[in-house]
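The first residue in the sequence is number 1, and the count goes up from there.
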Amino acid sequence: MSRIKKAATLIVSGVLLLLVFMYDVVRLTVELGDTGFLFLRELAVVAVMVGAFLLMRDYARKGIGAAIKETGRLLIVMVASLVVAAGTGMLAGIGFSEGGASSMPQNSVTAFFSLVVSLVVGTASIQTILTIKELVYHKRKRGTRRNFLTYVVLLLATAGFSLPVFSNDLAILGTTTFVLAVIMIVVNSFRQNWIVFLSRREKIYCIIYSALLFGTFLALSLVLSNRTFLQKAVLFFSVPLERFVLLNSMYGAVYFGMAFITTLFHLPTAEAYERKQSELSSLHNLGRLVTQVFDFNDLVRTVTHMTREVSGARSAWLELIRQEPAGMRVEVVSANNIDESVIRTVMEGTEFSPRQFVMESKKALMIDDVGADRRTRHLKGRGLSIGSLLSVPLVSHGSLVGILHATKEISYGFDQDDSDVLTTLADHVTIAIENARLIEQSLERERLKQELMVARDVQKRLLPDRFPENPAMDVSAHSEPSLEVGGDYFDFVHLDEQTVGIVVGDVSGKGVSAAFYMAEVKGIFQSLSKMTRSPRELLIWANETLRENLERKAFISAVYAVFELATGRVVLARAGHCPMVLISRRSNRLIRPNGLGLGLTDGELFEQSTEETVLTLAEGDVCLFYTDGITEARNGEGREFGYDRLVELATEAKDLPAMEIQNRILSEIGAYCGSSGPEDDLTLVVVKWLGKRPKDSKVHQGDHHE
């Protein structure tokens, strides 16, 4: 709203209020029997409140970023309105004369203060509905807006049926809408999604503010339900306004009472939520570290620091196992907050130590109580600050290259989630250590080549070797780097028995740097896919995680599609990646919803440019997901393979199984490029929709690259 419109609204509202006050003063001394004037007066009050709503809506903050500040501001407004109402009621010479169906002010001063108090609680009520709307709409679903607008309509209907133009015969309508509005208050009060994303500190503030707001709104509801000065003042000023304020005060009491309870139950999970954020950040930082830091000592120090950070451990150390002619030699390369003498005591005190168990089994070991376990029972009574121990192997190409240990002072300090997180971290550490060793031995060309082949095998383990197996779909995939390691990535996410996600990504560039970014993207997608099923939302969160720490010239393109096996519905979003090819009986199309590459721009622009496309597959439809290594493959004359050849080839082979379609395309590309082979990383995922109702979502073994 422009300044001129705001000024005009204020002037018109002021004039209408003056007319309303003059009318009230006159009717205190003269009996005005014409209900037409009274109806016009009520319309003037409605116009004033609409003007107040328009002005306050412009100043309302959009979004949920300042949820705690908004609730705190609402608390101040509500407390201030109650103080004003209570203070006004205690002024000398203020009172109402009882008699008839309604109370009348004893004098014009009381009428004036009734107008003031009514405006104060009315604007506070508008502030309430605007604040709650922002909270309710956060992460809204399809029915959220409908439910909220239903309440607003019932609220206005309840207020409208209390106008003097309606006879007593229609009072039942006002009562009905009032009851329905209360029901919608309860329904909308379950929308508390914003609380999940608060930090622990913010949750504590939320508990305090919600409790105070609950008490404030409850007090306002009780005051408006009894013969108090505030109720008499508002009823005299406007009966519809009294209905409006009463319903909104009930809404505030129920909503913030529910917020108090919800936050109280979510408070124990605040630490877990912050921990997940820390895990994502740590994995990303490790991915950046292995592409930018080549000093081995810096790397292993960072690993033990991150181990303590993501698991909350008191101490951590990293051991590397080196193969020598005399046998295996274990070397502690980094220790964080623990002496090597203590490490020797822990690991060498018995014949069957935790280290030996991990070396033989190549599995993670969790000792809940070191004083009771036979492998660490010798530590009991030695005064060491170790109550529980977690050891995770670092496995590369089937061989144990090291062990990552973490300890806590208390018994039963670790759980399965800690083990899973450190196992994921260990996979990244394995790649990081291999990379550091390659850099140290870069002058030995043959040795460098051997180590790169090990890194290739490690990267191969990061790609899925099992494909979704379901009567509804036939899936086949292949990925091949142009060098020893590459930046192409694909994965399958089993969201539930009836839903499968497929992601294909391509890191800019080739080689080692792209490979480590690919490993980082895998961790990010696997973590975020557990938090949302929306492809667009997942890409937005992934961009938020990546954009601050990617190298300036680096970016990642990706396409993510979620298949609903029971319906054939596909939801797809794209981040600067190659369009999906859809081969159907009716037509062949390139599906290309808008989207920028990950890490190229800030969150707001990325969010605005990212779209989501919804498709419904028919029996026999074929979907191709691929990287630009497919379409940009060149022949001896430098001409690209191109989209037209890909679509034509897929159309000819659409009646074949997915594996044969894949082999036909790869064979044609190989023949097209000749002996030189593709110059870029090459990834292809083929999905053929069979249209049969799925029973159990399984996986089957597949050869994803050679």
Side-chain angles (χ1 to χ4, degrees), residues 200-201 267-279 281-283 285-286 297-321 329-394 400 402-426 428-429 433:
R200 182 178 183 84
R201 181 171 177 270
L267 189 60
T269 65
E271 183 179 353
Y273 177 75
E274 292 175 352
R275 177 177 168 182
K276 289 297 182 184
Q277 294 292 95
S278 175
E279 291 170 8
S281 177
S282 297
L283 290 175
N285 290 335
L286 182 62
N297 293 327
D298 287 345
L299 177 62
V300 294
R301 280 196 299 268
T302 304
V303 167
T304 53
H305 172 75
M306 287 183 177
T307 300
R308 290 186 60 195
E309 188 177 73
V310 300
S311 65
R314 182 183 184 275
S315 61
W317 69 94
L318 175 63
E319 300 175 342
L320 291 187
I321 300 174
R329 181 171 66 90
V330 179
E331 178 185 0
V332 178
V333 294
S334 178
N336 192 304
N337 200 33
I338 188 171
D339 295 331
E340 290 197 25
S341 59
V342 177
I343 296 175
R344 286 194 296 270
T345 302
V346 174
M347 293 298 167
E348 300 173 3
T350 61
E351 295 182 359
F352 192 63
S353 66
R355 176 191 296 154
Q356 184 178 353
F357 173 86
V358 176
M359 291 174 64
E360 292 181 0
S361 66
K362 298 179 184 178
K363 296 180 180 179
L365 171 65
M366 186 189 305
I367 298 179
D368 294 322
D369 188 349
V370 297
D373 193 280
R374 64 188 180 91
R375 289 159 292 202
T376 54
R377 194 177 301 160
H378 63 284
L379 301 178
K380 189 175 183 179
R382 296 205 178 189
L384 300 179
S385 299
I386 300 178
S388 50
L389 171 70
L390 178 59
S391 302
V392 179
L394 275 63
L400 187 69
I403 306 174
L404 186 61
H405 304 273
T407 70
K408 288 187 178 181
E409 293 178 323
I410 60 175
S411 300
Y412 295 89
F414 297 101
D415 54 26
Q416 187 59 43
D417 189 49
D418 293 311
S419 178
D420 294 340
V421 170
L422 288 189
T423 300
T424 302
L425 181 64
H428 290 73
V429 171
I433 292 174

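- Two residues are said to be in side-chain contact when any heavy atoms from C-beta on lie closer than 4.5 Å; Val346 and Ile386 meet this criterion.
- By the 4.5 Å heavy-atom criterion applied to side chains, Lys363 and Pro393 are not counted as neighbours.
- Side-chain contact between Arg375 and Leu365 is present, with heavy atoms from C-beta onward closer than 4.5 Å.
- Using a 4.5 Å cut-off on side-chain heavy atoms (C-beta onward), Ser311 and Leu390 make no contact.
- Remark: side-chain polar atoms of Asp415 are paired, donor with acceptor, to backbone N or O of Asp417 under 3.5 angstrom.
- Between Thr304 atom OG1 and Asn337 atom CG the span is 10.5 Å, to the nearest 0.5 Å.
- Residues Pro354 and Leu389 meet the side-chain proximity criterion, which asks for heavy atoms closer than 4.5 Å.
- Looking only at distances, no side-chain donor or acceptor of His405 sits under 3.5 Å from a matching main-chain atom of Ser315.
- Across Ala426 and Val392, no two heavy atoms sit closer than the pair CB-CG1, 3.8 Å.
- Side chain of Ser388 to main chain of Ile410: a donor-acceptor pair is present (N/O by atom type, distance under 3.5 Å, no hydrogens or angles).
- In this structure, Leu384 and Val370 have side chains that are not in contact, with every pair of non-hydrogen atoms separated by 4.5 Å or more.
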Ile343 vs Glu319, test: side chain to side chain contact (heavy atoms under 4.5 Å, CB included). Steps then yes/no. CA-CA 10 Å; Ile343 296 175; Glu319 300 175 342; 4.1 Å; yes
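- Side-chain contact between Thr307 and Trp317 is absent, with no heavy atoms from C-beta onward closer than 4.5 Å.
- His305 and Asn336 get closest at one heavy-atom pair: CA-ND2, 3.7 Å.
- Between Ala406 and Leu422, the shortest heavy-atom distance links the atoms CB-CD1, 4.3 Å.
- In terms of heavy atoms, Ser419 sits closest to Met366 at CB-CE, 3.9 Å.
- In this structure, Gln416 CD and Thr423 OG1 are separated by 8.0 Å, a value rounded to the nearest 0.5 Å.
- Atom-to-atom distance recorded for Lys380:NZ and Asp373:CG is 12.5 Å, nearest 0.5 angstrom.
- To the nearest 0.5 Å, the span separating OG on Ser391 from CD1 on Ile367 amounts to 6.5 Å.
- Remark: the backbone N or O of Arg314 is paired with a side-chain donor or acceptor of Arg308 at under 3.5 angstrom.
- The nearest pair of heavy atoms linking Leu425 to Leu404 is CD2-CD2, 4.3 Å.
- Of the possible polar contacts, none joining the Asp369 side chain to the Ser411 backbone as a donor-acceptor pair under 3.5 Å is found.
- Between Arg355 and Val330 the shortest heavy-atom distance is NE-CG1, 3.7 Å.
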